Amino acid sequence: VISLYTSRAYVERTSKIFVPLWLPDCEKALLSPIWRRDVMIRVNDVAITDEAVFQEMQYHPSENRLEATDAAAKALLVKEILRQEAIKQGLMNAKADEFEQEKSILKLVEDNVTTPQASLEVCHRYYEQNRERFKAKDSEEILPFERVEDKIRDYLHVRSVREGLRSYVLVLAENMTIKGVDLNYM
């Protein structure tokens with residue numbers, strides 16, 4: 001998602017971006033597929049700063065700093081796209097505090113992203129196609145469908161919500177000027 005920094009100690013700062021010194025030039029641009037290294041991320045006229053990314057990283061635990069930075073920057077990008085749409089739709093004003101922003105963005109998403117509940121047939125099909133995922137922890141026995149049906153339904157719903165939100169954000173992004181990010185990797 002979006003990356004600026006590395007967990008390695010040796011970095012140089014160029015164009016407001018830290019680049020590891022130990023990487024060959026051709027690989028520096030490959031650190032993150034979404035973030036262009038030579039341009040600061042902007043949504044219309046709003047910049048997503050390095051400081052904001054660092055502050056957001058605490059909410060995105062990852063195996064390494066690069067992944068955490070990517071996740072943080074992606075979250076800030078999505079939030080800014082949704083914030084600007086909420087303002088455009090009159091759900092909040094531009095000076096709203098954090099609480100009002102969160103409330104307005106939630107309302108925006110609830111009003112514009114709908115996802116169906118998975119039917120019994122869809123849940124059963126998922127179970128049949130992924131039986132190996134439903135083994136008991138203490139044995140190699142595959143759990144019966146009835147014991148995992150609710151978990152499957154919840155998982156499919158969360159996956160559907162994520163994809164619905166992702167699609168909505170990409171549609172909104174088409175009508176915005178976004179720089180410094182490759183949205184194909186969202």
Side-chain angles (χ1 to χ4, degrees), residues 1-9 18 20 22-23 27 29-35 41 48 52-83 85-86 98-99 101-174 178 181-186:
V1 63
I2 305 173
S3 260
L4 285 179
Y5 305 95
T6 178
S7 58
R8 302 288 176 125
F18 286 103
W22 51 269
L23 276 180
E27 292 180 0
L30 300 177
L31 279 176
S32 174
I34 193 171
W35 202 336
I41 298 172
I48 297 175
V53 172
F54 272 129
Q55 289 175 356
E56 181 71 17
M57 283 173 64
Q58 66 183 314
Y59 305 111
H60 303 277
S62 297
E63 289 187 23
N64 61 57
R65 190 172 177 168
L66 183 63
E67 288 177 10
T69 307
D70 282 354
K74 179 180 179 183
L76 291 172
L77 173 69
V78 168
K79 182 179 179 181
E80 184 58 30
I81 290 170
L82 293 171
R83 187 189 75 81
E85 183 63 19
E98 190 72 25
F99 177 76
Q101 285 183 28
E102 296 293 329
K103 193 169 96 174
S104 299
I105 289 171
L106 183 59
K107 172 95 171 100
L108 176 74
V109 171
E110 287 174 348
D111 290 349
N112 292 284
V113 178
T114 56
T115 55
Q117 286 291 332
S119 67
L120 179 64
E121 179 183 330
V122 169
C123 291
H124 205 288
R125 188 171 342 132
Y126 182 84
Y127 174 79
E128 291 300 326
Q129 292 172 349
N130 298 281
R131 291 178 69 89
E132 292 299 312
R133 292 184 179 185
F134 303 106
K135 289 184 179 178
K137 290 182 181 179
D138 55 348
S139 71
E140 290 296 308
E141 180 183 344
I142 295 177
L143 298 170
F145 175 73
E146 294 74 26
R147 285 196 47 205
V148 296
E149 178 184 355
D150 289 340
K151 290 180 182 178
I152 292 171
R153 188 178 315 282
D154 291 345
Y155 168 76
L156 292 175
H157 180 70
V158 167
R159 193 171 78 175
S160 180
V161 168
R162 283 184 182 153
E163 185 55 35
L165 180 58
R166 180 186 161 281
S167 296
Y168 181 59
V169 167
L170 289 174
V171 167
L172 293 177
E174 288 178 7
I178 298 176
V181 175
D182 184 349
L183 293 174
N184 291 321
Y185 291 96
M186 293 242 339

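What you see is a predicted model, and the numbers here were worked out from it, not measured in a lab.
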[X] side chain near [Y] side chain, heavy-atom distance below 4.5 Å:
X: E85; Y: I81; result: no
X: L82; Y: V169; result: yes
X: I152; Y: N130; result: no

(request) For the pair K79 and E98, find out whether any cationic side-chain nitrogen is under 4.0 Å from an anionic carboxylate oxygen. (result) yes
Give, for atom [atom1] of [X] and atom [atom2] of [Y], the distance between the pair rounded to the nearest 0.5 Å.
X: S167; Y: R162; atom1: OG; atom2: CZ; value: 14.0 Å
X: M57; Y: L76; atom1: CE; atom2: CG; value: 11.5 Å
X: E128; Y: R131; atom1: CD; atom2: CZ; value: 5.0 Å
X: L77; Y: E56; atom1: CG; atom2: CD; value: 11.5 Å
X: L170; Y: R166; atom1: CG; atom2: CZ; value: 5.0 Å

(request) Go through the steps to decide whether R83 and E80 satisfy the test salt bridge (Lys or Arg N to Asp or Glu O under 4.0 Å), and finish with yes or no. (result) CA-CA 5 Å; R83 187 189 75 81; E80 184 58 30; 2.8 Å; yes
(request) Give a yes or no answer on whether the side chain of E163 reaches the backbone of S160 with a donor-acceptor pair at less than 3.5 Å. (result)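 Checking the backbone N and O of S160 against the side chain of E163, no donor-acceptor pair under 3.5 Å is found.
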(request) Would you confirm whether S62, through its side chain, and H60, through its main-chain N or O, come within 3.5 Å as a donor-acceptor pair? (result)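 Yes.
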(message) By the ring pair (Phe, Tyr, Trp, His ring centres under 6.0 Å) test, which pairs, at least two apart or in different chains, include something from residues 147-168?
(response)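 Only Y126-Y155 qualify under ring pair (Phe, Tyr, Trp, His ring centres under 6.0 Å).
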(message) Restricting to salt bridge (Lys or Arg N to Asp or Glu O under 4.0 Å), what partner residues turn up for E121, sequence neighbours left out?
(response) R125
Please list every donor-acceptor pair under 3.5 Å in which a side-chain atom of residues 137-149 meets a protein atom from a residue at least two apart or in another chain.
from, atom 1, to, atom 2, distance (Å)
S139, OG, E141, N, 3.2
E140, OE1, K135, NZ, 3.0
E149, OE2, R153, NH2, 2.7

(request) Go through the steps for L106 and E102 under the test side chain to side chain contact (heavy atoms under 4.5 Å, CB included), then give the verdict. (result) CA-CA 6 Å; L106 183 59; E102 296 293 329; over 6 Å; no
(request) Looking only at non-hydrogen atoms, find the nearest pair between A73 and V53 and report the distance. (result)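 Of all heavy-atom pairs spanning A73 and V53, the closest is CB-CG2, 4.1 Å.
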(request) Looking only at non-hydrogen atoms, find the nearest pair between A86 and L108 and report the distance. (result)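 Nearest heavy atoms, A86 then L108: N-CD2, 4.0 Å.
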